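Positions are given from 1, in the same order as the sequence printed here. This structure is a prediction, so every number in the text was calculated from the model and none was measured.
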Amino acid sequence: MAAAHPFDDAFGMMKQMQGELNQIKTELHNEKTRRTSEVGELQREVRTLRGQLEQALKDLTAANDRVACALTSETAIRGRALEMLRKEVADAIHLSSEVHHLKTIQATHFGKLATELKTERHERQVGQQTLDAMLSSEVQTRTEECEMLSNQMMSFRTEWDANLREDRLNVAALVKDVNIAGQLLAGKVFDYETLGISDLATTCASSPNNPLNSMGGTVNGTLGLTSPGESRPNTSP
């Protein structure tokens, strides 16, 4: 085996360093290229921003000029308005004495009106209280009268109902008596028990208005009519 050259290690190290140097150069070239591109982009952006800034400055200057013109015009207008306001204030101060005099007159007039209103209010309140008292008394009187009339009406209705029932009974009895009297005048004979008036003979005989008394007849036990010169047989069973 041949002996190793004494510079092989140094040559290998130099070769390795040469490779690393080439790699670093390549990376440096790439970085330089990238930096150049970035610088170009930054320059273009700076130019763009500078153009925008110049345009904004122009716009701001124009706006400032417009605001200055408007402010000048507004100052002039406000100056004239201020002069007019000062004139109006002077006129108001000049008229304040007259206004004070008018206020004094109005205050006196309002005080007089307030006094009259207070007096009128008191009189109206007194009249209202008197009217309320009279109205309450009248309402109480009318209430009592209505209650009395209601009681009288109830009493009258009760009495009227009782009289109506009594009149109906009297009318019924009168109709029955008239029918019986008609039958008696017709000369018919009936039994007291059949007619349901067992005491009719006694009543008719004792009555001063009995037509049989004026005829001179009598009533027998069966309602038979007898005259002074004749007699009838008893036909009751």
Inset, instruction - Verify the distance criterion only: is there a donor paired with an acceptor across the side chains of Gln183 and Asn179 at less than 3.5 Å? - result: no
Legend entry - Pairs touching residues 139-160 that satisfy side-chain hydrogen bond (donor to acceptor under 3.5 Å, both in side chains), sequence neighbours left out: Glu138-Arg142, Arg142-Glu145
Legend entry - Sequence neighbours excluded - side-chain hydrogen bond (donor to acceptor under 3.5 Å, both in side chains) pairs with any residue from residues 30-47: Glu31-Arg34, Glu31-Arg35, Arg34-Glu38
Legend entry - Spatial distance of atom CG (Leu184) from atom CG (Asp177) [nearest 0.5 Å]: 10.0 Å
Legend entry - Sequence neighbours excluded - side-chain hydrogen bond (donor to acceptor under 3.5 Å, both in side chains) pairs with any residue from residues 60-82: Glu74-Arg78
Inset, instruction - Mind checking the CG-CG spacing from Leu49 to Leu42? Nearest 0.5 Å is all I need. - result: 10.0 Å
Inset, instruction - Test Glu166 against Asn170 for side-chain contact (heavy atoms from CB on, under 4.5 Å), laying out the working first. - result: CA-CA 6 Å; Glu166 184 178 357; Asn170 292 333; 3.6 Å; yes
Inset, instruction - First locate atom CG of Leu102, then atom CG of Leu95, and finally report the distance between them rounded to the nearest 0.5 Å. - result: 10.0 Å
Quiz: residues 122-131 side-chain donor-acceptor pairs under 3.5 angstrom, not counting sequence neighbours:
from: Arg124; atom 1: NE; to: Glu120; atom 2: OE2; distance (Å): 2.9
from: Arg124; atom 1: NH2; to: Glu120; atom 2: OE2; distance (Å): 3.1
from: Gln128; atom 1: NE2; to: Asp132; atom 2: OD1; distance (Å): 3.2
from: Thr130; atom 1: OG1; to: Val126; atom 2: O; distance (Å): 2.9

Legend entry - Nearest-0.5 Å distance that lies between atom CD in Glu20 and atom CD in Glu27: 10.5 Å
Legend entry - Nonpolar side-chain network containing Val46, other nodes, edges under 4.5 Å: none
Legend entry - Reported CG-to-CD1 distance for the pair Leu82 and Ile77, which is rounded to 0.5 angstrom: 13.5 Å
Legend entry - Greater than 12 external heavy atoms within 6.0 Å of Met148's CE: yes
Legend entry - Residue pairs passing the side-chain hydrogen bond (donor to acceptor under 3.5 Å, both in side chains) test where at least one lies in residues 101-114, sequence neighbours excluded: none
Inset, instruction - Find the distance between CG (Leu169) and CG (Leu164) and round it off to the nearest 0.5 Å. - result: 9.5 Å
